[in-house]
Amino acid sequence: QVQLVESGGGLVQAGASLRLSCAASGPTFSRYTMGWFRQAPGKDRVFVADISASGSSTLYADSVKGRFTISRDNAKNTVCLQMNSLNPEDTAIYYCAATVRSYYYTKSYDYNYWGQGTQVTVSS
């Protein structure tokens with residue numbers, strides 16, 4: 001089992017950058033695909049990006065491709081999401097999640113473990 005704690009959210013203006021971090025507890029972090037999802041008010045939770053257990057492969061939602069970068073450090077049990085060129089449509093609660101499935105699986109129900117989320121608000 002793995003426990004996840006996100007940090008790094010906040011209020012920024014359009015065009016700014018934020019870096020989200022997710023700290024994981026447990027001895028088997030390197031076995032999990034790690035993902036980031038987000039949920040805007042009144043909307044479903046949607047996939048943002050994920051990274052394979054080894055860190056060698058990543059996937060991104062089309063809406064963030066080229067602006068967001070996911071990375072992980074298995075020695076430190078952390079996964080990060082660098083978010084650049086933020087716009088108001090990126091406003092949401094961002095969740096870190098873990099799954100034993102391949103990084104090809106990008107539905108929220110594919111993920112077993114979730115953090116509590118961190119709020120990102122982008123003003124225009």
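- Under a 3.5 Å cut-off, the side chain of E6 and the backbone N or O of G117 do form a donor-acceptor pair.
- Between the CD1 atom in I51 and the SG atom in C80 there is a gap of 9.5 Å [rounded to 0.5 Å].
- Remark: R45 fails to qualify as a cation-pi partner of Y111 under the 6.0 Å distance and 45° angle criteria applied to the six-membered ring.
- Among I93, L20, T91, the one residue that satisfies the side chain to side chain contact (heavy atoms under 4.5 Å, CB included) test with V120 is L20.
- Residues Y103 and F68 are members of separate hydrophobic clusters, defined by side-chain heavy-atom contacts under 4.5 angstrom among Ile, Leu, Val, Met, Phe, Trp and Tyr.
- In this structure a side-chain-to-backbone donor-acceptor pair under 3.5 Å is missing from R31 to P27.
- The CD1 atom of I70 lies 12.0 Å from the CD atom of Q82; values are rounded to the nearest 0.5 Å.
- In this structure, Y60 places its OH atom where more than 12 heavy-atom neighbours from other residues, nucleotides or ligands lie under 6.0 Å away.
- Contact detail for S71 and V79: the closest heavy-atom pair is O-CG2, 3.1 Å.
- By the criterion of side-chain heavy atoms lying less than 4.5 angstrom apart, applied directly or through intervening Ile, Leu, Val, Met, Phe, Trp or Tyr residues, V46 is not grouped with Y113; the two fall into different hydrophobic clusters.
- Nearest heavy atom pair, residue S123 against residue P88, reads C-CG, 4.4 Å.
- Listed for the N77 side chain is a donor-acceptor partner under 3.5 Å among the backbone atoms of G26.
- The shortest heavy-atom contact between T99 and R101 is OG1-N, 3.0 Å.
- Screening F47, Y94, Y95 for a ring-ring contact (aromatic ring centres under 6.0 Å, His included) with F37, the sole residue that qualifies is F47.
- Considering all non-hydrogen atoms of both residues, S85 and R67 come closest at O-NH1, 2.9 Å.
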Hey, mind stepping through W36 and C96 against side chain to side chain contact (heavy atoms under 4.5 Å, CB included) and telling me if it holds?
CA-CA 5 Å; W36 286 95; C96 175; 4.0 Å; yes
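- Annotation: the span from R38 atom CZ to S63 atom OG amounts to 4.5 Å, rounded to 0.5 Å.
- With rounding to the nearest 0.5 angstrom, the SG atom of C22 is 10.5 Å from the CG atom of L81.
- No donor-acceptor distance shorter than 3.5 angstrom exists from the side chain of T78 to the backbone of A23, with no hydrogens or angles considered.
- Considering every non-hydrogen atom in both L4 and A24, the closest pair reads CD2-CB, 3.6 Å.
- Hydrophobic clustering, with ILVMFWY side chains joined whenever heavy atoms are under 4.5 angstrom apart, groups V64 together with V12.
- Nearest approach of N112 to V100, heavy atoms of both residues: OD1-N, 3.6 Å.
- Rounded to the nearest 0.5 Å, atoms CG (D50) and CG (L59) are 5.0 Å apart.
- Of the possible donor and acceptor atoms, none in the side chain of R72 sits under 3.5 Å from a partner among the backbone N and O of T33.
- Put simply, the side chain of S57 never gets that close to the backbone of S52: no donor and acceptor are under 3.5 Å apart.
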